[in-house]
Amino acid sequence: MDYRPLGKTGMQVSVIGFGASPLGNEFGEADFDECVRAVQLAIDSGITLFDVSPYYGRTLAEERLGRALQGRRDKVILATKCGRYGKTIEECDYSAARVTASIDESLQRLRTDYVDLFQVHDVEMVDDPDRIVNETIPALRKLQDAGKCRAVGITGLPLKILRYIASRVPVDTLLSFCRYNLMVDDMNRELTPFCIDQQIGLINASPLHMRMLTREGPPDWHPAPAEVKEAGRRVVELCRQANVDPADVSLRFCLDHPYVSSTLVGMSTSEHVKNNLRALRFKTPPALRQKIEQAVAPVKNVMWTQGRPENSDANWTRNS
Ligand code: NAD
């Protein structure tokens, strides 16, 4: 396993991070004992970064991760989130009071007295981005002063709002998902140069484009437009013809990013963990990479939106 600095936090993280949303049954029913085996194998294999949220399985993922980490908490860099508690905007609450209560609830479920990274979850759900700047992040800094978290970050799907917030209030990390993998690379245009300049830790999530780039294919709820899913199927087919696992090719692509501290891949079985570790040594045949690029080109960077329309990249009007 390789390790990289997480921005200026002083923490080092494994280049493959354990995304714990599948522990909350977000990708179908996960067996608890198998989740525990996956977590333990990941730790034994050198994976240190574990990312979860109260949103995943509406607290189930935190509960399960907390149980799986018992006795081994000190081996991991533990990241959780606050502010998003359900699918709808109405179920999100970024107020200082709510996020302050939220960390205590998370710490209880995670069976620990601090997290390493506390992140504002999906900032595009907020009514006013300046609330994150003026209220939410200052509340998280107080929690950091109180020793409940070691670093503070923000996460989301649109890129411009992440940059807007991070250029107005210092944050230690940015987590971006589905914006840098075989299907999409606009994270590099909007976020990477800014993070390098500010030395902010950059976490890239969903390297498999939320399971689209696997033999199993995307879950029913996957929000991508039909033409993107069709291109994803073409990528999987090209990998089948080349006799390689599409997940290996997809994860390898992300691991080759020169600045990203860690790539978070969602896992709930020891099989996933074993397969994803294989990507560390995998090399994509150049001819296959070329065919994949051609197959994806017509839909490259075609995205979907989530959150409030005014917070989307297409409608963003504020100066970054
Ligand atoms: P992903 O692209 O990592 O896909 C994960 C899915 O692929 C899971 O269903 C898993 O079962 C399956 N899978 C994993 N490894 C596989 C393999 N080798 N072969 C075949 N299938 C495999 O998408 P994700 O889980 O959404 O993203 C990863 C993590 O990033 C999440 O678990 C979460 O921790 C984090 N994340 C955060 C945010 C946010 O903060 N807003 C958003 C998305 C993801």
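Heads up: numbering here begins at 1 and tracks the sequence. Indexing begins at 1, ligand by ligand and atom by atom, following the structure's order.
Geometric assessment of Arg67 against the ring of Phe32 yields a positive cation-pi assignment under the 6.0 Å and 45° thresholds. Both tests do not hold together for Arg141 against Phe118: distance to the six-membered ring centre under 6.0 Å, angle to the ring axis within 45°.
In the model, Asn204 has no side-chain atom that pairs as donor or acceptor with a side-chain atom of Tyr259 under 3.5 Å. Side-chain N/O atoms of Arg131 and Tyr94 include no donor and acceptor closer than 3.5 Å. In the model, Glu62 has a side-chain atom that pairs as donor or acceptor with a side-chain atom of Thr80 under 3.5 Å.
Contact residues for ligand 1 (protein heavy atom closer than 4.0 angstrom to any ligand atom): Gly19, Ala20, Ser21, Pro22, Phe27, Asp51, Tyr56, Lys81, His121, Asp122, Thr155, Leu175, Phe177, Ala205, Ser206, Pro207, Leu208, His209, Met210, Arg211, Thr214, Ala247, Leu264, Val265, Gly266, His272, Asn275, Asn276.
Between the side chain of Asp116 and the backbone N or O of Leu78 there is at least one donor-acceptor pair closer than 3.5 Å.
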